[in-house]
Amino acid sequence: MTDITSFDAAEDRATTNSIPRNPPQRALHLHRELGRVWANDKGFWGQITAVSHTTLGLRFMATAFVFFAIGGILSMLIRAQLATHQGAFLDTEIYNQIFTMHGSIMMFLFAIPMLEGLAIWLLPKMLGTRDMAFPRLTSLGYWCYLFGGLIMLTALLFGVAPRDGWFMYTPLASAVHSPGINADVWLLGVTFVEISAIAAAVEITVTILRQRAPGMKLTEMPLFAWYMLGTSAMMLVGFPPLIAGSVLLELERAFGWPFFDPTRGGDPLLWQHLFWLFGHPEVYIIFLPAAGVMSMIIPVMCRTKILGYGAIVAAVLGLVFLSFGLWVHHMFTVGIPHMALAFFSAASVLVAVPTAVQVFAWIGTMWKGQPQLHLPMYHILGFFLTFVMGGLTGVMLAIVPFNWQAHDTAFVTAHLHYVLIGGFVFPMMAAVTYWMPLITGRRRIKGLGETAFWVIVVGFHGTFFIMHLTGLMGMPRRIDIYPDNPEWVWLNLTSSIFSFVLTIGFAMFALDLLLQIFLGKRESRDPWEAPTLDWAMPLPSPNYNYASLPTLRDLDKPARDVILPLARGEGALPGAPRGRREFLVTRAINAEPDHVAILPGNTALPLVLSASIGVFVLLMLASLYLLAAFALLPVAALIWVWVRAMAPSGDLRPIEIAPGTSLPVHHHARQSLAQSGLNALLVADGTLFASLIFGLAFLSVVTQGPAAPPAGAHTMASLVALGVIGVVMMIAAWIATGVGRGTAQLGVVLNIVALVVLTWLALTQMDDPTVHARDALRAAVAGYVALHVIVAAGMAAFVADQYRRGEITAQIHGGYPGWRKWQSFTTATTLIAIAILLAQVFA
Amino acid sequence: MRGASAFIAFALLAGCDTGLSTLAPAGPVAADIAWLWWVMLAGATLITVLMVVLLVVAFGRPKDTGSRVWTHGMGLWFSLTVLTALLAAGLWVGERIQPRDDDAVVVRAHAFQWGWEFSHEAADGTAVESNDLLHIPVGVPVDVLITSEDVIHSFWVPRLAGKMDAIPGRTNRTRIQADEAGEYDGLCAEFCGLNHAGMRFSVQAHANWPPDLNEAEQ
């Protein structure tokens with residue numbers, strides 16, 4: 001108890017902080033003023049136009065919960081099928097679709113959106129700000145998620161859902177062996193959904209780095225923020241290989257570019273590498289937010305502070321690093337030499353160390369404090385029991401010889417459910433039960449939640465514990481019948497029976513939430529007596545979060561001590577006197593106040609933009625490729641409108657955030673949120689490029705397929721053309737470092753010149769990409785470069801247009817820094833691509 | 001954890017003489033891996049019990065133990081020690097059961113949707129082909145060269161050794177060995193489409209090598 005209330009150190013620092021208190025105002029007046037500015041529009045239309053992180057975060061989580069239920073129903077069908085050895089229930093085609101969709105839904109439509117939703121909903125509250133960095137992007141991400149998910153579900157209803165397993169191994173998923181649109185539904189649908197993952201990763205990174213309350217140093221922020229920073233970094237680097245792989249496989253299926261076809265120089269293992277380069281970090285992308293929740297809730301439940309803050313941060317960073325070095329442990333049986341496997345085995349074993357550091361830090365925290373058995377604590381104990389066992393079987397699977405036996409058996413099915421349900425679903429249930437009062441403002445009805453927990457624990461372990469044995473007895477994954485193996489019947493029947501118990505448990509959990517929402521009594525503020533800012537607000541949380549923003553003196557204090565001062569407007573930037581949405585932006589490391597960001601309000605633009613992307617996806621699915629290309633025009637136009645909406649207008653004078661302390665608005669800022677966002681996006685983009693280059697290198701060095709036909713592109717003309725492109729792009733990057741209307745116009749011209757030359761090169765000189773995988777990958781790299789040159793031309797045109805409108809001045813740079821950055825990136829990737837091509841040609 | 005002892009009992013009961021059980025090894029390769037499994041199971045059980053005890057004790061009075069005991073002592077050193085030992089054991093077993101250049105008998109397995117074509121050398125050096133039935137000698141290591149016609153499959157005879165994928169465009173090699181003559185069940189372990197569940201095969205281990213198959217059929 002004493003730990004929570006002794007904050008003398010923080011008080012000392014607060015006195016030296018430069019942001020003075022604002023004079024108190026009437027809380028109700030502030031509430032109304034902010035409510036008018038920050039509230040969603042009324043009614044159904046209000047749901048369309050909402051960009052609020054609270055609304056969208058909850059909607060992400062609610063939608064994810066619905067997909068969890070759908071994925072759960074599919075798993076019931078699987079278990080019903082496997083309950084007997086003849087399995088006279090589903091035919092094999094439908095069964096294959098069901099297990100593929102079960103995995104895909106749980107991964108891409110439940111787990112990832114769930115953690116995105118939690119982060120989007122919680123981070124601004126926890127960091128002391130009013131919204132995410134890019135509210136319209138939050139909304140765009142949601143609609144892309146919803147539409148992508150609906151495309152996949154619709155396919156399931158019509159019996160054309162993906163059927164090649166959730167990791168879509170080629171050649172099984174290639175056009176020859178998987179005709180029809182089933183695999184395309186997966187590739188296009190999942191990639192559509194991943195727009196939301198990249199969007200969320202960019203937003204989360206920027207929000208954590210730039211929107212922490214003034215004085216909340218990186219090294220002192222709540223651990224959940226550290227975990228989410230690690231997660232978003234992993235998403236920025238982890239998702240691009242999957243996106244690259246999906247685009248390549250779709251190109252192969254649609255146009256016959258043989259990236260993965262061994263008869264034409266491709267390699268099925270390239271798909272596996274790209275997939276698991278995503279797929280293994282994915283496991284930690286899912287685990288880290290859950291672990292972040294544990295690190296927040298355990299100390300509160302135990303009335304103490306977290307033990308080993310620094311060690312936990314180090315463990316998170318270690319996990320982020322290590323998780324990119326062990327994807328090959330999904331590929332121990334593909335024939336890689338044993339000594340190479342040993343390296344990945346060691347990395348896979350090593351990743352258990354930072355995990356162990358966290359688990360022991362949590363247990364140490366429980367020893368240090370006085371654990372109280374509230375409902376979230378039940379789920380935390382469920383986490384410990386389940387996740388530890390899943391982690392132990394994970395270590396077993398990292399041991400190469402054992403993996404050769406257990407791989408692709410029910411043992412792995414058991415292991416991954418222990419890890420995912422133990423390491424994600426239990427912590428999420430702890431999170432939901434913990435933050436429910438903040439969501440609903442209501443108290444739960446006692447008893448049902450505890451019962452649900454016990455039913456879930458019994459159902460879960462009853463289903464999956466025995467499945468380890470089923471796997472060791474030789475039962476492989478993804479079979480629908482086992483007529484010759486009566487010895488597996490009792491194992492499977494037991495799993496099937498308990499799986500229904502598990503489902504009943506989850507249904508009870510959902511019922512408990514519904515009862516709390518509709519029948520719960522009013523909860524009083526700060527019900528857990530927590531020391532974090534997320535509870536320093538009224539219940540349920542208002543759309544604007546804080547009537548005035550917390551500063552250093554409000555940190556590390558019991559939430560209840562800062563609720564009132566903040567509500568009365570004594571923090572920074574009180575109310576909404578200018579009638580627009582504003583929050584503070586701080587510097588990345590030390591959280592010094594930097595400027596005030598002015599945010600866009602409610603708008604249907606994200607819905608329209610994602611719908612137009614949806615049209616493109618549907619046209620691709622229908623194989624109407626020419627029409628699909630034209631469908632990108634409205635997408636480009638809408639992006640232009642999107643950026644125009646943020647052009648400087650209205651009152652751009654500095655804003656007094658506290659007596660005597662004024663900050664510029666973001667148009668005058670040296671490093672705006674948009675620029676930070678672009679940095680994050682370029683990390684993902686650079687990884688995408690690296691994935692393509694990895695593919696090129698892999699096919700050249702590792703693949704032993706038929707040699708490429710002699711290339712026809714060594715002509716003098718093509719060398720000159722490559723030289724022209726390189727020089728033109730270097731000039732473009734160089735002039736973009738200057739300023740002025742003329743340079744922007746010149747930038748447009750230079751990019752168009754480069755594009756024209758590149759198009760000529762592709763049409764007349766490049767080898768047919770359908771003949772050999774090497775040429776197909778070169779064409780893909782050329783396509784990547786062309787796309788970036790087009791965007792660079794568009795950005796230069798946007799800047800030229802801003803000059804024409806007189807929006808860019810000596811103080812306001814508008815789109816200039818963004819174009820400059822993009823142009824440099826495009827030039828760099830173009831030059832690298834040219835260098836690699838030349839090296840391959842002359843080697 | 002609560003089922004750990006029951007688990008072992010079930011495993012012993014169910015593992016006896018069943019066609020596909022990794023826990024009923026019938027050759028040195030599978031036996032080595034089965035050993036590794038039992039050791040790991042024992043260790044995992046101990047660690048799980050330790051965790052439960054630590055959690056139960058946490059519900060007593062607050063205890064001031066110092067944070068480094070947990071983060072460094074338990075988190076770092078305890079886990080590193082256990083994991084290093086385990087990794088070394090895994091590498092040792094892995095190296096022991098590798099195919100090596102020791103003039104082992106070589107047979108071929110070619111997978112397709114959905115079945116297996118096997119071949120071995122007859123006494124006169126000609127290749128003898130057989131569908132869904134692989135012939136091997138007893139008591140000596142046999143290297144299987146594994147290829148695929150169409151999609152990825154996986155060659156797995158649980159009682160003899162771990163699995164190895166059959167990948168189009170590649171030839172993979174794995175080592176199996178049977179201690180006694182007889183028939184062993186095998187299956188395709190990598191999902192390969194509609195008839196994946198039916199892609200079974202047998203391995204016949206012969207005391208006389210090369211076998212006289214006409215005699216065997218009578």
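Highest contact tally toward chain A, considering only B/Leu76, B/Ile152, B/Leu55, B/Leu91, is held by B/Leu55 [criterion: heavy-atom pairs under 4.5 Å]. Ranked by heavy-atom pairs under 4.5 Å with chain A, the list B/Gly193, B/Ala89, B/Ser79, B/Gly94 is led by B/Gly94. Your options are A/Met366, A/Gln370, A/His338, and the one with the most heavy-atom pairs under 4.5 Å with chain B is A/His338. When the candidates A/Ala342, A/Pro706, A/Ala361, A/Ala346 are compared by the number of heavy-atom contacts under 4.5 Å with chain B, A/Ala346 comes out ahead. Residue with the most contacts toward chain A among B/Gly66, B/Ser154, B/Ala161: B/Ala161 (heavy-atom pairs, distance under 4.5 Å). For chain B, the option among A/Gly369, A/Gly165, A/Ala311, A/Ser174 with the highest count of heavy-atom pairs below 4.5 Å is A/Gly369. For the set A/Leu172, A/Leu269, A/Thr92, the entry with the most heavy-atom pairs within less than 4.5 Å of chain B is A/Leu172. If you tally non-hydrogen atom pairs under 4.5 Å between each of B/Thr171, B/Leu80, B/Val57 and chain A, the highest count goes to B/Val57. Counting heavy-atom pairs closer than 4.5 Å to chain A, the top residue among B/Ala197, B/Ala34, B/Gly90, B/Pro62 is B/Pro62. Heavy-atom pairs under 4.5 Å with chain B peak, among A/Leu307, A/Leu341, A/Asp164, at A/Leu307. The candidate with the highest count of non-hydrogen atom pairs below 4.5 Å against chain A, out of B/Met40, B/Met74, B/Lys163, is B/Lys163. Annotation: maximal heavy-atom pairing with chain B below 4.5 Å, among A/Pro262, A/Ala356, A/Gly364, A/Pro476, occurs at A/Gly364.
With a threshold of 4.5 angstrom between heavy atoms, B/Leu187 approaches chain A through side-chain atoms but not through N, CA, C or O. Of the atoms belonging to B/Gln98, it is side-chain heavy atoms, and not backbone ones, that fall under 4.5 Å from chain A. Of the two parts of A/Pro371, the backbone and the side chain both hold a non-hydrogen atom closer than 4.5 Å to a non-hydrogen atom of chain B. Of the two parts of A/Asp261, neither the backbone nor the side chain holds a non-hydrogen atom closer than 4.5 Å to a non-hydrogen atom of chain B. For A/Trp488, the part sitting under 4.5 Å from any heavy atom of chain B is the side chain, from C-beta outward, and nothing else. With a 4.5 Å cut-off on non-hydrogen atoms, A/Ala406 touches chain B through its backbone but not through its side chain. Looking at A/Leu381, the atoms closer than 4.5 Å to chain B (heavy atoms on both sides) all sit in the side chain, from C-beta outward. Proximity to chain B (any heavy atom under 4.5 Å) is restricted, for A/Asn485, to the side chain, taken from C-beta onward. When heavy atoms are compared at a cutoff of 4.5 Å, A/Ile479 approaches chain B by way of both its backbone and its side chain. Neither the backbone nor the side chain of B/Ala166 comes within contact range of chain A, judged by heavy atoms closer than 4.5 Å. Heavy atoms closer than 4.5 Å to chain A are found in both the backbone and the side chain of B/Asp165. When heavy atoms are compared at a cutoff of 4.5 Å, A/Val176 does not approach chain B at all. Proximity to chain B (any heavy atom under 4.5 Å) is restricted, for A/Phe99, to the side chain, taken from C-beta onward. Of the two parts of A/His407, the backbone and the side chain both hold a non-hydrogen atom closer than 4.5 Å to a non-hydrogen atom of chain B. With a 4.5 Å cut-off on non-hydrogen atoms, B/Leu87 touches chain A through its backbone and its side chain both. When heavy atoms are compared at a cutoff of 4.5 Å, B/Glu95 approaches chain A by way of both its backbone and its side chain. Interface remark: A/Phe402 contributes backbone and side-chain atoms alike to the contact with chain B (heavy atom separation under 4.5 Å). Contacts of A/Thr409 with chain B are made by side-chain atoms alone, with heavy-atom separations under 4.5 Å and no backbone atom involved. Interface residue B/Leu54: backbone and side-chain heavy atoms are both found under 4.5 Å from chain A. If you measure heavy-atom distances from A/Val400 to chain B, you find no contacts under 4.5 Å at all. Interface remark: B/Thr71 contributes backbone and side-chain atoms alike to the contact with chain A (heavy atom separation under 4.5 Å). Using a 4.5 Å cut-off between heavy atoms, B/Arg173 makes no contact with chain A at all.
B/Arg100 and B/Asp143 are not joined by a salt bridge, as no carboxylate oxygen comes within less than 4.0 angstrom of a charged side-chain nitrogen. Look at B/Asp64 and A/Lys368 and you find no salt bridge, because none of the NZ, NE, NH1 or NH2 atoms lies under 4.0 Å from a carboxylate O.
B/Thr65 and B/Trp70 form a side-chain donor-acceptor contact under 3.5 Å, judged by distance and modelled atom types alone. A donor-acceptor pair shorter than 3.5 Å cannot be found between the side chains of B/Trp37 and A/Gln405. Between the side chains of A/Thr170 and A/His177, no donor-acceptor pair is found at a separation under 3.5 Å.
For B/Arg68, the CZ atom sits in a loose shell: 12 or fewer heavy atoms of surrounding residues, nucleotides or ligands are nearer than 6.0 Å. Heavy-atom contacts from other residues, nucleotides or ligands closer than 6.0 Å to CZ of A/Arg477 number more than 12.
Annotation: side chain of B/Cys188 is in contact with side chain of B/His196 (closest heavy-atom distance under 4.5 Å). Side chains of B/Leu194 and B/Trp114 form a contact here, defined as non-hydrogen atoms less than 4.5 Å apart. A heavy-atom distance below 4.5 Å is not found between the side chains of B/Leu20 and A/Met475. A/Ile363 places a side-chain heavy atom less than 4.5 Å from the side chain of B/Met51. Put simply, the side chain of A/Trp404 reaches to within 4.5 Å of the side chain of A/Phe332, judged on heavy atoms. With a 4.5 Å cut-off on side-chain heavy atoms, B/Leu41 and B/Trp38 count as touching. Put simply, the side chain of B/Ile136 does not reach to within 4.5 Å of the side chain of B/His120, judged on heavy atoms. For the pair B/Leu133/B/Gln204, a side-chain contact is recorded, criterion being any heavy-atom separation below 4.5 Å from C-beta on.
In summary, of the residues considered (B/Glu149, B/His153, B/Glu117), a side chain to side chain donor-acceptor pair (under 3.5 Å) with B/His110 occurs for B/Glu149 alone.
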Set out, in order, the CA-CA distance, both residues' side-chain angles and the distance that settles salt bridge (charged side-chain N to carboxylate O under 4.0 Å, His left out) for A/Asp267 and B/Arg170, then state yes or no.
CA-CA 9 Å; A/Asp267 196 332; B/Arg170 280 164 201 271; 2.2 Å; yes

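Annotation: cation-pi pair A/Arg478/A/Phe167 present, NZ/CZ under 6.0 Å from the ring centroid and within 45° of its normal.
In this structure, the separation between OG1 on A/Thr365 and OH on A/Tyr309 is 13.5 Å, given to the nearest 0.5 Å.
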